Amino acid sequence: VFAYNTMIRGLSLAGLAYKSVLLFNSMLLTGLIPDNHTYTFVLKACSGLNALIEGKQVHCMIIKAGILPSTYVHSSLIHMYANSDGLDCARRVFDGFPEKNTLIKNAIITGYLQHGRVDEAREVFDGTIVKDDATWSAMVTGYSRNGMYMEALGVFREATVCGAELNESMIVSALSACAQSGALDQGKWIHLYACRRARAEMSAVLSTALVDMYAKCGSIESSYEVFCSMTRRDVVTWTAMISGFAMHGYAKKSFQLFDEMVAAGIRPNAAAFVAVLSACTHVGDIEMGRYYFNRMKIDFGLTPSIEHYGCMVDLLSRAGHLAEAEDLIASMPMEPN
RNA sequence: CCAUCAUAAUAUGAUACA
């Protein structure tokens, strides 16, 4: 059973959720009895596949096997239903769970937030007396993802007041809320807080959130300062900085950073190309636009997505090259949106 | 018999136009 569990989990972690479910199936055929671990892993694979029917089958097996209410198994069930568009079923699992603890509440709060049902999430959140860092973090992130930045920052402030430990996810989510709402002062405060709590260098994720926050709040200098202070940068960091300069109209700086990134051995992905193409659009540089659009295909073997075509159409149209823009739309392998 | 090792849930950054 242990070997199967490890493989079922491994396959779904490796993005092979389909094989993971198949392996679960062959495990059953051998006559082995799955344990609680097995159920959580295969449910996670079902979540990743949006496999509601298979998930329900597993749920039935859990019931028939007489599995007692278990935080892990039932959190996984809630997660699976929420992910597979079965929020009502998720609620029923939640309601049927006795002695609701923090973990099980976190699962249903997250489920509601994924579907934009913030009021219901808030209700459970308020009813959660013992909140752990995931509870706070889920609520901040959920509000932020649903465009309710003030509410997100409100919950963040509440967490600080309650003396809850602010973990990195929560700080990153709060910074994202500042970025999207232009709350520079609040962002600066969080920056100071993050500096104080950091024992070593901040993680790339946190620093990137700062780079993004300063850029979007109009403070490109501070953004670049944070960027320069970093010793490790991944493709997301570079992309945040490139789009920061693009938004402020410093296209040359964006191009320069793009080249530096490639020289540093970081492979640009689709998002990096959107960023550099948007730099072209903001200054109307058709030549550079064509250059990067071609490099993307030829040098990096990336297939342009609808966003890339969108950037090019935007760029060409603004410069009055309407016929070329129209031809490009006609040449797209996908339906224009 | 002892020692050692492996498997649990939820949250977290970038991307044009609008």
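Keep in mind it's a predicted model, so treat the numbers as computed, not measured.
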Colleague: With under 30° as parallel and over 60° as perpendicular, where do the rings of A/His74 and A/Phe97 fit, or are they tilted in between?
Modeller: tilted
Colleague: Once you apply a heavy-atom cut-off of 4.0 Å, does A/Thr71 come out as touching a base, just sugar-phosphate, or nothing?
Modeller: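 The residue A/Thr71 makes no contact with any strand.
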Colleague: Base, sugar-phosphate, or nothing: which does A/Thr38 touch, judged by heavy atoms less than 4.0 Å apart?
Modeller: nothing
Colleague: Quick one: which of B/rU7, B/rA16, B/rA11 gets closest to the side chain of A/Ser169?
Modeller: B/rA11
Colleague: Centres of the A/Phe125 and A/Trp136 rings: under 6.0 Å?
Modeller: yes
Colleague: Ignoring backbone atoms, test whether A/Gln114 places a side-chain nitrogen or oxygen under 4.0 Å from the OP1 or OP2 oxygen of B/rA11.
Modeller: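 So the side-chain polar atoms of A/Gln114 do come within 4.0 Å of the phosphate oxygens OP1 or OP2 of B/rA11, strictly under.
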Colleague: Please lay out, stage by stage, how A/Tyr224 and A/Phe245 fare under the test ring-ring contact (aromatic ring centres under 6.0 Å, His included).
Modeller: CA-CA 9 Å; A/Tyr224 193 49; A/Phe245 279 121; 5.3 Å; yes
Colleague: With sugar-phosphate meaning primed atoms plus P, OP1 and OP2, does A/Leu103 contact a base, only sugar-phosphate, or nothing at under 4.0 Å between heavy atoms?
Modeller: base
Colleague: Could you check which of B/rA14, B/rA11, B/rA16 has an atom nearest any side-chain atom of A/Cys311?
Modeller: B/rA16
Colleague: Just call it for A/His74: base, sugar-phosphate, or nothing, with non-hydrogen atoms closer than 4.0 Å on any strand.
Modeller: nothing
Colleague: Take the protein atom CG of A/Leu175 and the nucleotide atom C1' of B/rG13, then report the distance between them rounded to whole Å.
Modeller: 9 Å
Colleague: I want to verify a distance call: between B/rG13, B/rU7, B/rA9, whose nearest atom is closest to the A/Tyr72 side chain?
Modeller: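 Looking only at side-chain atoms, A/Tyr72 lies closest to B/rA9.
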Colleague: Using a heavy-atom cut-off of under 4.0 Å over every strand shown, decide if A/Ala271 touches base, sugar-phosphate, or nothing.
Modeller: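 Contact class for A/Ala271: base.
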Colleague: Report the distance from atom CG of A/Leu43 to atom P of B/rA8, rounded to the nearest whole Å.
Modeller: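 Checked: the CG to P distance equals 15 Å.
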Colleague: What's A/Asp133 touching, base or sugar-phosphate or nothing? Going by heavy atoms closer than 4.0 Å.
Modeller: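 No contact.
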Colleague: Could you state the CG-P distance from A/Leu166 to B/rU12, rounded to the nearest angstrom?
Modeller: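 For the pair A/Leu166 CG and B/rU12 P, the rounded distance is 16 Å.
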Colleague: Using whole Å, report how far CD1 of A/Ile306 lies from P of B/rC17.
Modeller: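 About 16 Å, once rounded to whole Å.
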Colleague: Any luck finding a side-chain donor-acceptor pair between A/Tyr112 and A/Arg91 under 3.5 Å?
Modeller: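 A/Arg91 and A/Tyr112 do have a side-chain donor-acceptor pair below 3.5 Å.
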Colleague: Round to the nearest Å and state the distance from A/Leu113 atom CG to B/rU12 atom C1'.
Modeller: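 Rounded to the whole Å, the gap is 14 Å.
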Colleague: In whole angstrom, what separates A/Asn106's CG from B/rU12's P?
Modeller: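 So the CG-P distance, A/Asn106 to B/rU12, works out to 12 Å.
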Colleague: Please report the distance, rounded to the nearest Å, between CG in A/Leu315 and P in B/rC17.
Modeller: 12 Å
Colleague: Determine, step by step, whether A/Ser229 and A/Glu225 satisfy the side chain to side chain contact (heavy atoms under 4.5 Å, CB included) criterion, reporting the C-alpha distance in whole Å, the side-chain angles of both residues, the deciding distance to 0.1 Å, and the verdict.
Modeller: CA-CA 6 Å; A/Ser229 75; A/Glu225 220 172 273; over 6 Å; no
Colleague: Heavy atoms only, 4.0 Å cut-off, all strands: where does A/Arg233 land among base, sugar-phosphate and nothing?
Modeller: nothing
Colleague: Side chain of A/Phe41 only, heavy atoms from C-beta on: which candidate in B/rA9, B/rA16, B/rG13 is closest?
Modeller: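 Closest of the options to the side chain of A/Phe41: B/rA9.
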Colleague: Starting at CG of A/Asn167 and ending at P of B/rU10, how long is that distance when rounded to a whole Å?
Modeller: 15 Å
Colleague: From the list B/rG13, B/rA11, B/rA8, which nucleotide is the closest neighbour of the side chain of A/Val236?
Modeller: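 Looking only at side-chain atoms, A/Val236 lies closest to B/rG13.
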Colleague: Nearest to the side chain of A/Ser137, heavy atoms from C-beta on, is which of B/rA11, B/rA16, B/rG13?
Modeller: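 Side chain of A/Ser137 sits closest to B/rA11.
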Colleague: Output the single nucleotide from B/rG13, B/rA8, B/rA16 whose closest atom is nearest the side chain of A/Asp234.
Modeller: B/rG13
Colleague: When you get a sec, tell me which of B/rA14, B/rA8, B/rU12 is the closest nucleotide to the side chain of A/Lys216?
Modeller: B/rA14
Colleague: Please determine whether any donor N or O and acceptor N or O are separated by less than 3.5 Å between the side chain of A/Thr141 and the base of B/rA11.
Modeller: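 Side chain to base: no pair below 3.5 Å.
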Colleague: Verify the cluster assignment for A/Met334 and A/Leu302: are they in a single hydrophobic cluster under the rule of side-chain heavy atoms below 4.5 Å apart?
Modeller: yes
Colleague: Are a donor atom and an acceptor atom from the side chains of A/Thr40 and A/Ser76 found within less than 3.5 Å of each other?
Modeller: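 There is no such pair (donor and acceptor under 3.5 Å, judged by atom type) between the side chains of A/Thr40 and A/Ser76.
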Colleague: Is a donor-acceptor pair below 3.5 Å formed from side chain A/Ser75 to base B/rA9, judging by atom type as modelled?
Modeller: no
Colleague: From the set B/rA14, B/rG13, B/rA9, return the single nucleotide nearest to any side-chain atom of A/Ser243.
Modeller: B/rA14
Colleague: Would you mind telling me which of B/rA6, B/rU10, B/rG13 lies closest to the side-chain atoms of A/Asp212?
Modeller: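 Closest nucleotide among those given: B/rG13.
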Colleague: Check the phosphate of B/rU10 against A/His79, side-chain N and O only, distance under 4.0 Å to OP1 or OP2. Yes or no?
Modeller: yes
